[in-house]
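Remarks on the structure that follows.
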Amino acid sequence: MVDKKLDSVRVRIAPSPTGEPHVGTAYVALFNWAFARKSGGKFILRIEDTDRSRSRPEYEAEILRSLRWLGLDWDEGPDIGGDCGPYRQSERLELYREHMERLLKAGEAYYCFCTPERLERMREERKGESFRGYDGHCRGLSEGQVRENLERNLPYVVRLRVPREGETAFEDMLRGRVCWRNEEIDDQVLLKSDGFPTYHLASVVDDHSMGITHVIRAEEWISSTPKHILLYRAFGWPVPKFCHLSLLRNRDRSKISKRRNPCSLHYYRKVGIFPQALLNFLGLQGYSMPQEQEIFSLEEFARDFDVSRIKTRSPVFDLEKLFHINGVYLRSMSRERLVEALLSYTRGWLEGALGLAQERMESLGDFFPLMAFLWQRELVGDFGAILPKRVSLEEARGVLGKALEAYGSCEWSVEGLRRVHGELAKALGLKKGKVFMTLRTALLGKLGTPPLEESLVLMDRFQVIQRLEGALGCLEKWDV
RNA sequence: GGCCCCAUCGUCUAGCCCGGUCUAGGACACAGGGUUUUCAUCCCUGUAACGGGGGUUCAAAUCCCCCUGGGGUCACCA
């Protein structure tokens with residue numbers, strides 16, 4: 001079954017449902033998709049939900065919905081099935097278990113009974129040393145000791161037995177040969193003590209059993225690639241081709257992060273970016289079209305797609321350029337299509353917005369001024385000039401500064417925000433009223449608005465963070 | 001810190017593989033000007049880059065080496 005598939009290209013995107021759908025996922029998906037379409041191969045969607053504590057089904061649904069919104073269609077996936085299913089790792093545990101057994105039997109992997117405490121101690125002790133991987137404590141356990149420990153029901157993990165000598169290398173499609181000395185490769189955990197496989201085991205088993213020919217993924221995976229190669233070898237499987245895409249960056253060139261950039265795909269939908277424009281923009285990051293064509297459709301992108309045009313330099317994510325491109329799309333649309341687009345955009349908001357607006361409305365027209373804060377790009381000219389009564393400049397700075405810290409990582413829900421605001425008031429020793437009014441004016445632009453938290457969650461986290469930074473910037477101009 | 005990746009305008013990039021055609025081109029942003037009752041659009045102009053040092057060569061942004069800088073990764077997360 002697998003052999004037949006190896007004839008043609010099969011690539012995949014393998015997101016894990018542990019948060020809001022990420023723009024990086026869209027980026028990598030775009031290149032995988034284009035590679036598949038260009039070569040007449042298949043593009044597969046697989047959900048990597050082996051992290052039991054962080055994975056949530058609603059996140060999976062959001063990933064699917066977002067990719068569909070973008071127009072990146074997949075040939076096989078959890079929703080549509082396919083010959084190599086299931087496409088959700090939590091439903092393939094039996095497969096991993098079998099393969100785990102195989103490795104154990106062959107001596108390619110071993111049981112490890114080290115406690116988290118011991119591991120922590122070990123890491124502490126080796127802090128200054130160059131190699132900080134597992135020290136191999138359980139590597140030499142005899143069969144008898146292992147059996148005894150298992151009978152005593154000691155919790156265990158299974159680790160890969162990485163050869164101590166020689167080297168492991170691969171040929172990256174973009175970067176050429178990349179090589180490691182085996183002694184510096186860690187004995188990676190393959191099976192966690194909760195019985196779930198780690199990413200490393202699951203993705204290798206799945207990529208092989210799904211006949212994946214090219215693994216196109218983000219650069220951050222380069223350093224775990226030797227472990228994956230060792231796994232393929234341990235199983236006796238052919239190794240797929242690897243292609244590591246460079247990472248999208250913040251302005252300071254660190255890996256893109258949600259407090260510095262809009263990482264959630266929800267953001268783009270909420271501020272009214274067209275999916276085609278987003279994809280167009282993403283297709284310009286680390287890649288260029290022939291003749292430097294700047295505006296192109298998904299179809300054109302796929303038709304001209306060429307791996308050799310991918311760059312290894314990591315691009316800084318530039319929202320401004322995205323908006324420019326989106327503007328070009330918007331202005332080129334027919335009036336009818338724009339009407340349609342705006343209607344469906346508005347419809348997406350209505351349910352949530354009306355939940356807050358209806359009781360405050362007397363006519364339909366009241367809706368727009370009431371909820372205008374949802375769409376205003378520039379909120380207030382000068383926040384310092386419209387500070388709520390009895391809130392000092394210093395207090396406002398404190399509130400906004402603390403909020404900025406908290407908003408970057410808190411749970412983006414009414415409850416989550418409520419908690420943040422409560423803690424914020426306590427930490428600053430301010431009355432709740434002051435905190436709320438300061439945030440209300442800074443973030444919603446008016447003294448009279450629907451409830452703060454309910455209003456904020458209608459927006460994307462980053463949208464709010466941007467406003468916070470804007471208001472804080474206004475305050476800087478004022479002297480204390 | 002070890003290992004690995006990367007390096008052209010502020011940003012996205014073309015050029016680099018196959019050295020001369022590069023006094024380095026385009027786009028965004030910025031500045032100035034024009035069109036427009038205003039704004040936006042649109043048009044024109046301008047500022048602005050091959051990180052440093054060694055080689056190789058008649059000739060290097062392009063090839064080689066070193067340095068520097070940036071980044072990623074070192075989890076029972078993916």
Side-chain angles (χ1 to χ4, degrees), chain A residues 14-19 22 24-25 46-55 89 112-116 119-120 123 126-134 155-159 167-170 172 174-203 217-227 244-256 280-295 308-309 311-328 330-332:
Chain A
S16 64
T18 52
H22 200 277
T25 304
R46 181 176 72 223
I47 297 296
E48 309 230 317
D49 55 351
T50 52
D51 184 338
R52 273 211 279 193
S53 59
R54 293 199 303 152
S55 293
Q89 290 187 328
C112 171
F113 300 91
C114 290
T115 61
L119 292 176
E120 199 173 323
R123 284 190 196 106
R126 310 171 114 222
K127 214 160 202 166
E129 291 173 40
S130 55
F131 180 74
R132 296 179 198 175
Y134 180 62
Y156 66 89
V157 301
V158 176
R159 288 179 184 274
E167 42 187 45
T168 300
F170 77 100
D172 189 90
L174 264 24
R175 298 153 209 269
R177 183 183 151 90
V178 185
C179 183
W180 290 263
R181 297 204 314 274
N182 286 341
E183 62 193 54
E184 58 203 18
I185 301 173
D186 198 7
D187 277 4
Q188 185 63 47
V189 170
L190 301 176
L191 192 74
K192 301 184 262 189
S193 56
D194 65 2
F196 271 58
T198 58
Y199 164 85
H200 305 282
L201 204 226
S203 82
R217 48 152 52 152
E219 189 186 0
E220 56 190 330
W221 292 109
I222 289 184
S223 48
S224 32
T225 303
K227 296 167 190 168
H244 291 95
L245 262 23
S246 47
L247 253 23
L248 265 16
R249 305 295 178 110
N250 294 320
R251 220 155 237 307
D252 66 358
R253 295 204 174 270
S254 53
K255 181 162 88 167
I256 197 167
N280 190 149
F281 169 74
L282 254 15
L284 251 16
Q285 305 304 297
Y287 187 79
S288 60
M289 292 283 277
Q291 277 84 50
E292 290 191 81
Q293 186 181 348
E294 292 249 334
I295 302 294
S308 73
R309 301 191 69 88
K311 287 195 61 125
T312 43
R313 174 133 196 255
S314 299
V316 171
F317 194 86
D318 183 7
L319 250 200
E320 236 165 334
K321 181 127 181 184
L322 169 62
F323 272 87
H324 164 77
I325 290 173
N326 202 61
V328 173
L330 189 144
R331 289 188 294 272
S332 74

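To find a chain, count down the sequence lines: A is the first, B the second, and so on, and within it residues start at 1. Source: prediction; values computed, not measured. Both backbone and side-chain heavy atoms feed into the values below; hydrogens, waters and symmetry mates do not.
- Nucleotide C76(B) holds its C1' atom 13 Å from the CG atom of Leu201(A), rounded to whole Å.
- Residue contacts shown for Glu292(A) include a base, since a base heavy atom lies under 4.0 Å away.
- Among the nucleotides G2(B), U11(B), C76(B), the one closest to the side chain of Arg253(A) is U11(B).
- Residue contacts shown for Glu184(A) are limited to sugar-phosphate atoms, with no base heavy atom under 4.0 Å away.
- Only the C1' atoms considered, U62(B) is 14 Å distant from A7(B), to the nearest whole Å.
- Leu247(A) comes within 4.0 angstrom of the backbone, heavy atoms only, and of no base.
- C50(B) makes up no base pair with any nucleotide shown, lacking Watson-Crick or G-U wobble contacts both under 3.5 Å.
- With the nearest nucleotide of RNA chain B identified for both Ser130(A) and Arg177(A), Ser130(A) has the one nearer the 5' end.
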Legend entry - Worked verdict on Phe317(A) versus Phe281(A) for ring pair (Phe, Tyr, Trp, His ring centres under 6.0 Å): CA-CA 10 Å; Phe317(A) 194 86; Phe281(A) 169 74; 5.3 Å; yes

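- Rounded to whole Å, atom P of C12(B) lies 12 Å from atom CZ of Phe317(A).
- Listed by chain and number, the residues in a side-chain hydrogen bond (donor to acceptor under 3.5 Å, both in side chains) with Glu292(A) amount to none (sequence neighbours excluded).
- Within 4.0 Å of Cys179(A), counting heavy atoms only, lie sugar-phosphate atoms of the nucleic acid but no base atom.
- Contacts of His200(A) classified as ring-ring contact (aromatic ring centres under 6.0 Å, His included), with partners at least two apart in sequence or in another chain: His228(A).
- Residue Ser193(A) is in base contact, counting any heavy-atom pair closer than 4.0 Å across all strands shown.
- Among the nucleotides G72(B), C76(B), C12(B), the one closest to the side chain of Leu119(A) is C76(B).
- Across all strands shown, C28(B) is found opposite G10(B) as a Watson-Crick or G-U wobble partner, with both distances under 3.5 Å.
- If you check every strand for non-hydrogen atoms under 4.0 Å, Arg159(A) touches sugar and phosphate atoms only.
- Across all strands shown, A40(B) forms no Watson-Crick or G-U wobble pair with both distances under 3.5 Å.
- In this structure C3(B) sits in a base pair with G72(B), meeting the Watson-Crick or G-U test at under 3.5 Å.
- At the heavy-atom level, Arg132(A) lies under 4.0 Å from base atoms of the strands shown.
- Within 4.0 Å of Arg181(A), counting heavy atoms only, lies no atom of the nucleic acid at all.
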Protein-nucleotides 42-44 of chain B N/O pairs closer than 3.5 Å?
none

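- Residue-level contact check: Val157(A) touches the bases, meaning some heavy atom is under 4.0 Å from a base atom.
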